[in-house]
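So that the names make sense, note that chain A is the first sequence line, chain B the second, and so on, each numbered from 1.
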Protein chains: 2
Amino acid sequence: MVPGASDDDAVFKALADASRRQLLDRLHRQNGQTLNELCDGLAMTRQAVAKHLAILKDANLVSWKRQGRERLHYINPVPINEIAERWISKFEQPRLQALARLKKSLEGEES
Amino acid sequence: MVPGASDDDAVFKALADASRRQLLDRLHRQNGQTLNELCDGLAMTRQAVAKHLAILKDANLVSWKRQGRERLHYINPVPINEIAERWISKFEQPRLQALARLKKSLEGEES
DNA sequence: TTGACACGCAACCAAACAGTTACCTATCAT
DNA sequence: ATGATAGGTAACTGTTTGGTTGCGTGTCAA
């Protein structure tokens with residue numbers, strides 16, 4: 001399998017939970033956070049957060065490395081991109097129209 | 001609420017199931033199919049398919065109308081587009097890069 | 001070396017989910 | 001009218017899920 005490749009189903013399932021999307025949001029804002037940092041302010045135990053992160057990891061959306069007694073988490077946007085390319089894009093006439101508009105506007109614009 | 005507006009969570013949850021994504025695929029290929037047509041070839045009872053369609057309807061991804069004793073189903077791509085715009089796009093440097101490349105190539109292209 | 005801190009692991013639980021079976025209602029064609 | 005067809009409703013079931021509690025392990029600092 002190509003590195004960064006993903007199982008569509010695992011990704012869709014991982015994204016189905018609001019807490020997990022929130023975790024991705026947090027990592028998107030600041031990458032490399034520890035487990036405790038990611039738990040901060042969430043109405044959930046650390047163990048619950050760890051489970052969510054494990055699911056995100058299985059979907060290849062997050063990876064981590066141990067550093068001393070901490071675990072640093074990193075987001076991987078590739079699977080999300082893949083889904084957008086392979087699956088979502090075909091349902092999006094609006095986006096294609098937006099692209100067409102962009103093309104038109106760029107054609108009319110002289111640098 | 002804006003017509004066609006959607007609850008992100010309901011949409012993500014609806015898309016989390018492979019059978020439901022398959023139903024959307026089918027409706028994308030051919031819109032306006034009846035319940036029985038949508039059931040065709042699926043390893044599932046009609047009732048199960050009807051439940052999936054109800055979930056898709058609650059997420060505003062599918063609508064239907066009765067016509068005689070049949071029920072005609074129609075896909076609504078708007079919610080998919082919305083989550084792509086509002087949520088997925090921010091994780092996609094690749095797509096932004098693609099847009100940037102497109103812009104560049106269009107700038108270099110003289111009509 | 002001994003707390004304190006960051007995380008790992010496993011059992012358990014309630015609720016949600018995906019699917020079934022069984023039966024009922026409405027519509028069409030003959 | 002009546003049978004066949006298309007779909008509606010509801011109860012029930014096994015499995016998954018999202019969360020908990022309890023306790024164990026490894027690492028850092030005083």
We want to know whether B/R26 and B/H28 form a side-chain donor-acceptor pair, criterion being a heavy-atom distance below 3.5 angstrom.
no

Whole-Å distance separating the CD atom of A/Q33 from the C1' atom of C/dA6
15 Å

Does any N or O donor sit under 3.5 Å from an N or O acceptor when you compare the side chain of A/R69 with the base of C/dC5?
yes

Measure NZ/A/K13 against P/D/dT15 and give the value in whole Å, please.
16 Å

State, yes or no, whether a side-chain contact exists between A/L53 and A/L23 at a heavy-atom distance under 4.5 Å.
yes

By nearest-nucleotide position on DNA chain D, the 5'-leaning member of B/R46 and A/M44 is B/R46

State, yes or no, whether a side-chain contact exists between A/L15 and A/L61 at a heavy-atom distance under 4.5 Å.
yes

Is A/Q47 side chain donor-acceptor paired with the D/dG18 base, going by distance under 3.5 Å alone?
no

B/E37 side chain to B/T34 main-chain N or O, any donor-acceptor pair under 3.5 Å?
yes

Validation row: B/F91, A/L24 side chains within 4.5 angstrom (heavy atoms):
yes

Would you mind telling me which residue lines up with the more 5' stretch of DNA chain D, A/R20 or B/N36, judged by nearest nucleotide?
B/N36

Taking only the side-chain nitrogens and oxygens of B/T45, find out if one of them lies under 4.0 Å from OP1 or OP2 of C/dG19.
no

Specify the separation, in whole Å, of atom CG of A/D9 and atom C1' of C/dA18.
13 Å

What integer distance in Å separates B/H52:NE2 from C/dA16:C1'?
14 Å

Which nucleotide wins on minimum distance to the side chain of B/R66, given the candidates D/dA6, C/dA18, D/dG8?
D/dG8

To the nearest angstrom, the CZ-C1' distance between A/R71 and C/dA6 comes to 10 Å

Just the rounded figure in Å: distance from C1' of D/dT17 to CG of A/D58.
14 Å

B/L53 CG to C/dC17 P: how many Å, rounded?
17 Å

Send over the distance from A/Q67 CD to D/dT27 P, rounded to a whole Å.
13 Å

